[in-house]
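Not measured: the values here are computed from a predicted model.
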Amino acid sequence: QKMWITNGFQADWMCLLANTSEGHPHRNKSLICLPMDTPGIHLAKKIDKMGMRCSDTAVVFFDDVRVPANNIIGDEGLGFTYQMIQFQEERLAASAVCLTSMINIINQTIDYVRERKAFGAPLLNNQYIHFRLAELLTEVELLRALVYRATDKYVDGEDVTQLASMCKLKCGRLNREVSDSCLQFWGGMGFT
């Protein structure tokens, strides 16, 4: 069984990380190109998610599935290593993609607090709100610089495991912080 398979119901094939031998868990796995119409593959259900609804997420079951050895991607036993390398690319891409959404949230909040008046003045005139929005923009730009640095090093062939992991960590935390902080400035309008 595999959980959390992105686009499982739409896919024609999957890249499967599976044990192909006995031995050390980091050296017994291979990546396999697995056509989704292979006998024994069963899509159990679509997982109902809070977000990212543009792609389905599936639970997939395997019942005596067999594929030819030439479906192995790369060298047998190196699947875990390949997957860890790919995670660096995924972490960098996810961090880069989140930058635009955070900037959009902040800019929409700036527009709202510029128009929304309280006590006869725009909320944006409140020194704390102005400072906090500037602080959030600064944090997003710091993350952008880290993503660019890590990407440059990756393109140059350097190991960016640490930098890509830092990007992912900061991206996740900052996404939550930007959303939560900006929502506060919308008041009741943020819940409607």
Side-chain angles (χ1 to χ4, degrees), residues 2-8 10-11 15 17 26 31 46-58 79-192:
K2 292 279 187 181
M3 293 277 299
W4 316 113
I5 304 303
T6 303
N7 295 321
Q10 301 173 54
C15 181
L17 181 65
H26 293 166
L31 287 177
K46 286 185 183 178
I47 297 172
D48 187 26
K49 304 174 294 192
M50 286 176 45
M52 299 186 84
R53 293 184 174 273
C54 62
S55 64
D56 65 69
T57 302
F80 180 82
T81 301
Y82 297 148
Q83 194 66 57
M84 292 302 105
I85 292 168
Q86 183 271 330
F87 280 157
Q88 304 323 310
E89 295 172 357
E90 191 172 307
R91 288 174 178 146
L92 288 175
S95 298
V97 166
C98 80
L99 294 167
T100 300
S101 63
M102 288 190 288
I103 291 294
N104 288 342
I105 290 168
I106 295 167
N107 286 337
Q108 289 174 14
T109 302
I110 289 169
D111 291 343
Y112 176 75
V113 297
R114 183 177 282 130
E115 293 176 15
R116 176 73 168 99
K117 292 189 173 26
F119 306 106
L123 288 176
L124 189 57
N125 288 2
N126 178 297
Q127 187 177 17
Y128 172 76
I129 294 173
H130 213 119
F131 166 81
R132 183 64 177 136
L133 292 169
E135 182 180 43
L136 291 171
L137 282 169
T138 302
E139 289 293 321
V140 172
E141 289 308 314
L142 289 169
L143 174 58
R144 185 185 314 276
L146 181 60
V147 169
Y148 286 3
R149 179 172 175 235
T151 302
D152 284 344
K153 287 182 173 292
Y154 178 79
V155 168
D156 288 342
E158 295 182 39
D159 179 8
V160 295
T161 301
Q162 184 178 34
L163 287 174
S165 298
M166 293 164 116
C167 288
K168 178 187 173 197
L169 173 67
K170 184 62 176 175
C171 172
R173 288 181 177 175
L174 190 55
N175 256 316
R176 186 208 52 80
E177 184 180 359
V178 165
S179 300
D180 182 61
S181 293
C182 287
L183 183 63
Q184 302 308 311
F185 301 136
W186 286 74
M189 290 299 290
F191 291 100
T192 58

Taking all non-hydrogen atoms of both residues into account, name the closest pair between [X] and [Y] and its distance.
| X | Y | result |
| --- | --- | --- |
| Leu143 | Cys98 | CD2-SG, 4.1 Å |
| Leu183 | Phe191 | CD2-CZ, 4.1 Å |
| Gly8 | Ala58 | CA-CB, 3.9 Å |
| Met189 | Tyr112 | CG-OH, 3.4 Å |

Could you tell me whether the side chain of [Y] reaches within less than 4.5 Å of the side chain of [X], counting heavy atoms only?
| X | Y | answer |
| --- | --- | --- |
| Arg91 | Val160 | no |
| Phe185 | Leu123 | no |
| Arg149 | Asp152 | no |
| Leu146 | Ser95 | no |
| Phe87 | Thr161 | no |

[atom1] of [X] to [atom2] of [Y]: how many Å apart, nearest 0.5 Å?
| X | Y | atom1 | atom2 | value |
| --- | --- | --- | --- | --- |
| Cys182 | Ile110 | SG | CD1 | 8.0 Å |
| Lys2 | Leu17 | NZ | CG | 5.5 Å |
| Tyr154 | Asp156 | OH | CG | 12.0 Å |
| Cys54 | Asn7 | SG | CG | 8.0 Å |
| Tyr148 | Leu99 | OH | CG | 7.0 Å |
| Lys153 | Gln162 | NZ | CD | 11.0 Å |

- Does one side chain, of Gln86 or Gln83, offer a donor that lies under 3.5 Å from an acceptor on the other? yes

- Query: Can Gln184 and Thr109 be said to form a side chain to side chain contact (heavy atoms under 4.5 Å, CB included), step by step?
  - Reply: CA-CA 10 Å; Gln184 302 308 311; Thr109 302; over 6 Å; no

- Message: Applying the side-chain contact (heavy atoms from CB on, under 4.5 Å) criterion to Met102, which one of Leu174, Leu137, Asn107 satisfies it?
- Response: Leu174

- Task: Using modelled atom types only, decide if a donor and an acceptor are shared between the side chain of Arg53 and the backbone of Lys49 within a distance under 3.5 Å.
- Result: yes

- Quick one: list whatever passes ring-ring contact (aromatic ring centres under 6.0 Å, His included) with Tyr82, sequence neighbours left out. none

- Query: Residues in ring-ring contact (aromatic ring centres under 6.0 Å, His included) with His26, at least two apart?
  - Reply: His24, Phe80

- For His130 and Asn125, what are the C-alpha separation, side-chain angles and deciding distance, and is it a side chain to side chain contact (heavy atoms under 4.5 Å, CB included)? CA-CA 7 Å; His130 213 119; Asn125 288 2; 5.9 Å; no

- Query: Can Leu133 and Leu124 be said to form a side chain to side chain contact (heavy atoms under 4.5 Å, CB included), step by step?
  - Reply: CA-CA 9 Å; Leu133 292 169; Leu124 189 57; 4.1 Å; yes

- Within 6.0 Å of CD in Gln10, more than 12 heavy atoms from elsewhere: yes

- Item | salt_bridge(Lys170, Glu139) N-O dist < 4.0 Å | yes

